[in-house]
Amino acid sequence: MKDTLVVLSGPTGVGKTSLSVELAEHFGSDIISCDSRQIYREMVIGTAAPDLQQLERVRHHFVRFLSVNEYYSASLFERDVLALLPELFEKNPVVLMTGGSMLYTDAVCKGIDDIPDTDPAVRIKYLNKYKSEGVEGLRLALKLLDPVHYSKVDLRNPRRLMRALEITESTGKPYSSFLTAEKRERDFRILKVGITLDRNELYSRIDSRIDKMMAAGLEDEARSLVQYRGLNALNTVGYSEMFRYFDGEITFEQAVGLIRRNTRRYAKKQLTWWGKDKEINWFNAGEPSVIIKWLDHQVRGI
RNA sequence: GGUCGGUUGGCCGAGUGGUCAGGCAUCGGUCUGCAAAACCGGGUACGGCGGUUCGAAUCCGCCACCGACCU
C-alpha cells in the first residue's frame with residue numbers, strides 16, 4: 001500500500017478537530033495540524049486548539065509548539081512537514097493532516113517556490129514607505145524594480161506589493177523571476193477530503209463556538225497577550241477585536257459581535273479557496289461514518 | 001374627531017423633480033513565505049392608489065400604518 005497523506009479541510013467551526021481525532025484513531029495515525037494560529041502555545045482558547053483530552057488521544061504535530069514572537073510561514077511549514085512525514089509513514093502508511101490554513105495546506109500538497117529569505121530591514125523599509133507614500137509609492141517602486149510582476153499583481157493590495165518589493169530588493173532579482181508556479185511532485189499519495197455544512201448551520205455552529213470561547217475565558221487570554229498585539233500572530237480573529245475593546249474603542253458586546261462576523265467571513269473565505277480545488281472530495285460534516293467508509297475504500301481498498 | 005410629524009433595499013440612514021448617497025449585514029471573488037493576513041466586486045429601495053409633469057422617492061389628492069399632541 002502506498003503511503004497516503006489524507007488532507008482534511010473544512011471551514012472554521014465545522015468540526016474538523018473532533019472528526020480528525022476520530023479519523024486518526026481509526027487509521028492509527030498521528031495528526032499533522034495545519035493551522036497557522038494553533039501553532040502558538042499562548043493562543044489556545046481563541047484558536048479553538050485541540051484540548052488536552054484530544055491531544056492525549058492522538059499525537060498532534062505543529063500544535064502549540066512556538067511562541068507568538070517566533071516567525072513562521074507556509075514555506076517553513078512545508079519544509080517541516082516534509083521532514084517529518086517519512087518518520088510518520090514508517091509507523092503507519094496513512095497520515096492525517098487537518099486544519100484550516102489554506103496556504104499551508106497547499107504548500108504541503110503542491111509546494112511553494114523557493115524564495116530566498118529576506119532582510120527584515122528591507123521589510124521595514126517598505127512598510128515605512130507604505131506608511132508615508134501609501135499604495136501609490138509602492139506601485140511606483142515596483143513598476144521600476146519588477147515591471148513583470150507589476151503587470152500581474154493586484155495593485156491595490158499593499159501586502160502583496162510590499163512582499164514583491166522586499167524580495168526584489170533583498171535578492172537583487174525581480175520577484176517574478178522566482179515564481180515558477182510549478183507543482184512539486186510528492187512521493188506519497190495525497191487524498192483530499194473536505195467537510196462542510198449548510199451555510200446557516202455552519203454559522204450557528206460558529207456562534208455557539210464563540211459563546212464557548214467567551215465562557216472559557218477568551219477575554220483573559222487576550223488580556224494576557226495584549227503586550228504582543230503588534231505581532232502578526234495576534235492579528236487574529238478573536239484577539240484583535242478584544243484589543244479594541246480593551247482600548248475602549250468598542251464595547252464588549254460589539255467586540256463579540258465582530259468576532260462572530262469576522263469568523264463567518266473567514267469561513268467563507270476558506271470555502272472560496274477550497275471550492276476551486278477540484279481534488280477535494282466533499283462530504284457533509286454531520287456524517288463521519290460516510291467519510292470513514294469512503295476513506296477505507298480509498299486507502300485500503302475495502 | 002382634529003392638528004402636526006413620520007413611512008426609503010435585511011437593518012441603520014441621507015436625499016427632496018432628471019448620472020441607483022453612505023454604513024452595516026449578506027452574497028460572490030482574488031491569492032505562491034506575516035494567509036484567522038491583505039485586497040476586490042455585486043443591491044434601481046423609496047407605504048398604497050390616483051394625479052401634475054417630457055420625467056417623481058422628491059410636487060398634489062385620497063387611503064393605510066406608526067408616533068406626538070389637542071378636543
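Computed from a predicted model, the values in this text were never measured in an experiment. Per chain, numbering begins at 1; letters A, B, ... match sequence-line order.
Along RNA chain B, the nucleotide closest to A:Ile115 and the one closest to A:Gln270 are compared, and the more 5′ of them pairs with A:Ile115. Position along RNA chain B of the nearest nucleotide to A:Leu179 versus A:Asn157 favours A:Leu179 as the more 5'-ward residue.
A salt bridge links A:Asp207 with A:Arg260: at least one charged nitrogen is closer than 4.0 Å to a carboxylate oxygen. For the pair A:Lys125 and A:Glu166, the salt-bridge criterion is not met [side-chain N within less than 4.0 Å of a carboxylate O]. Between A:Asp277 and A:Lys110 there is no salt bridge, since no side-chain N of the basic residue sits under 4.0 Å from a carboxylate O of the acidic one. Between A:Arg184 and A:Glu78 there is a salt bridge, since a side-chain N of the basic residue sits under 4.0 Å from a carboxylate O of the acidic one. One finds a salt bridge joining A:Arg229 and A:Asp247 here, because a Lys/Arg side-chain nitrogen approaches an Asp/Glu carboxylate oxygen to under 4.0 Å. Using a 4.0 Å cut-off between charged nitrogen and carboxylate oxygen, A:Arg41 and A:Glu221 do not count as a salt-bridge pair. A salt bridge does not link A:Glu87 to A:Lys91: none of the charged side-chain nitrogens sits closer than 4.0 Å to a carboxylate oxygen.
The residue A:Ser101 sits close only to the backbone: its heavy atoms come under 4.0 Å of sugar-phosphate atoms, none of a base. Residue A:Gly46 is in base contact, counting any heavy-atom pair closer than 4.0 Å across all strands shown. Using a 4.0 Å heavy-atom criterion, one finds that A:Asn235 contacts the sugar-phosphate atoms exclusively. Base contact: A:Thr180 has a heavy atom under 4.0 Å from a base atom. Contacts of A:Tyr239 with the nucleic acid, taken as non-hydrogen atoms under 4.0 Å apart, are absent. At the heavy-atom level, A:Arg199 lies under 4.0 Å from the strands shown only through sugar-phosphate atoms. Counting non-hydrogen atoms under 4.0 angstrom, A:Tyr130 reaches nothing in the nucleic acid. A:Asp106 comes within 4.0 angstrom of nothing in the nucleic acid, heavy atoms only. Nucleic acid contact class of A:Asn200 (heavy atoms, under 4.0 Å, all strands): none.
Picking from B:C39, B:G33, B:A36 the nucleotide with the shortest atom distance to the side chain of A:Ser75 gives B:G33. Of the listed nucleotides (B:G29, B:G33, B:A38), B:A38 has the atom at the smallest distance from the side chain of A:Pro158. The side chain of A:Thr47 sits closest to B:A36 out of B:G33, B:G28, B:A36. Side chain of A:Arg156, nearest nucleotide from B:C34, B:G41, B:U26: B:G41. Considering only the side chain of A:Lys276, B:U30 comes nearest among B:U30, B:C34, B:U26. Picking from B:A35, B:G33, B:C39 the nucleotide with the shortest atom distance to the side chain of A:Arg123 gives B:G33.
Between B:A36 and B:G9, the distance separating the two C1' atoms is 32 Å to the nearest Å. As rounded to the nearest Å, B:C65 and B:C49 have C1' atoms that lie 15 Å from one another. Between B:G18 and B:G67, the two C1' atoms lie 33 Å apart (nearest whole Å). When the P atom is compared between B:C70 and B:G61, the two are found 26 Å apart, to the nearest whole Å. B:U44 and B:A37 have their C1' atoms separated by 36 Å, with the value rounded to a whole Å. For B:A35 and B:U7, the C1' atoms lie 46 Å apart once the distance is rounded to whole Å. Spacing of C1' atoms, B:G42 relative to B:U52, comes out at 37 Å, to the nearest Å. When the C1' atom is used for both B:C54 and B:U71, the distance is 47 Å, rounded to whole Å.
Note on A:Arg160: every side-chain N or O is 4.0 Å or more away from OP1 and OP2 of B:C31. Between A:Tyr40 and B:C34 there is no side-chain polar atom (N or O) within less than 4.0 angstrom of OP1 or OP2. For A:Arg265 and B:A37, the shortest distance from a side-chain N or O to OP1 or OP2 is not below 4.0 Å. Listed pair A:Ser36 / B:A37 fails the phosphate criterion, with no side-chain N or O lying under 4.0 Å from OP1 or OP2. Close to B:A38, at under 4.0 Å from its OP1 or OP2, lies no side-chain N or O of A:Lys269. In this model, the phosphate group of B:C34 is not approached by any side-chain N or O of A:Arg37 to a distance below 4.0 Å at OP1 or OP2. Between A:Thr272 and B:G29 there is a side-chain polar atom (N or O) within less than 4.0 angstrom of OP1 or OP2. A sub-4.0 Å separation between OP1 or OP2 of B:A36 and a side-chain N or O of A:Tyr104 is absent.
Atom CD1 in A:Ile112 sits roughly 14 Å away from atom P in B:C31 (whole-Å rounding). Rounded to an integer number of Å, the gap from A:Leu231 CG to B:C34 C1' is 10 Å. In this structure, A:Trp274 places its CH2 atom 17 Å from C1' of B:G29, rounding to the nearest Å. In this structure, CG of A:Leu161 is placed 14 Å from P of B:C34, rounded to the nearest angstrom. Atom CE of A:Met102 and atom C1' of B:A38 are 11 Å apart (whole Å). Here B:G33 presents its C1' atom at 13 Å from CG of A:Asp80, a figure rounded to the nearest Å. The distance between atom CD of A:Gln254 and atom C1' of B:C12, rounded to the nearest whole Å, is 14 Å. Between the CZ atom of A:Arg159 and the C1' atom of B:A38 there is a distance of 6 Å, rounded to whole Å.
Judged by Watson-Crick or G-U wobble contacts below 3.5 Å, the nucleotide B:G43 has no partner. Pairing for B:A21 is absent, judged as Watson-Crick or G-U wobble with the two contacts each under 3.5 Å. When both pairing distances are held under 3.5 Å, B:C69 makes a Watson-Crick or G-U pair with B:G2. Of the nucleotides present, B:G48 is the one that pairs with B:C62 by Watson-Crick or G-U wobble criteria, both distances under 3.5 Å. Remark: B:G33 base-pairs with no nucleotide in the shown strands. Criterion, Watson-Crick or G-U wobble with two distances under 3.5 Å.
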Where do A:Gln270 and A:Thr12 land on the side chain to side chain donor-acceptor pair (under 3.5 Å) test, with the steps shown first?
CA-CA 8 Å; A:Gln270 291 172 305; A:Thr12 188; 5.0 Å; no
Kindly determine whether A:Ser240 and A:Asn235 satisfy side chain to side chain donor-acceptor pair (under 3.5 Å), including the steps that lead there.
CA-CA 6 Å; A:Ser240 44; A:Asn235 183 194; 4.6 Å; no
Evaluate the criterion side chain to side chain donor-acceptor pair (under 3.5 Å) for residue pair A:Asp119 and A:Ser170; output intermediate values, then yes/no.
CA-CA 6 Å; A:Asp119 181 352; A:Ser170 294; 5.8 Å; no
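For a distance-only test at 3.5 Å, the side chain of A:Arg163 fails to qualify as a donor-acceptor partner of the base of B:C34.
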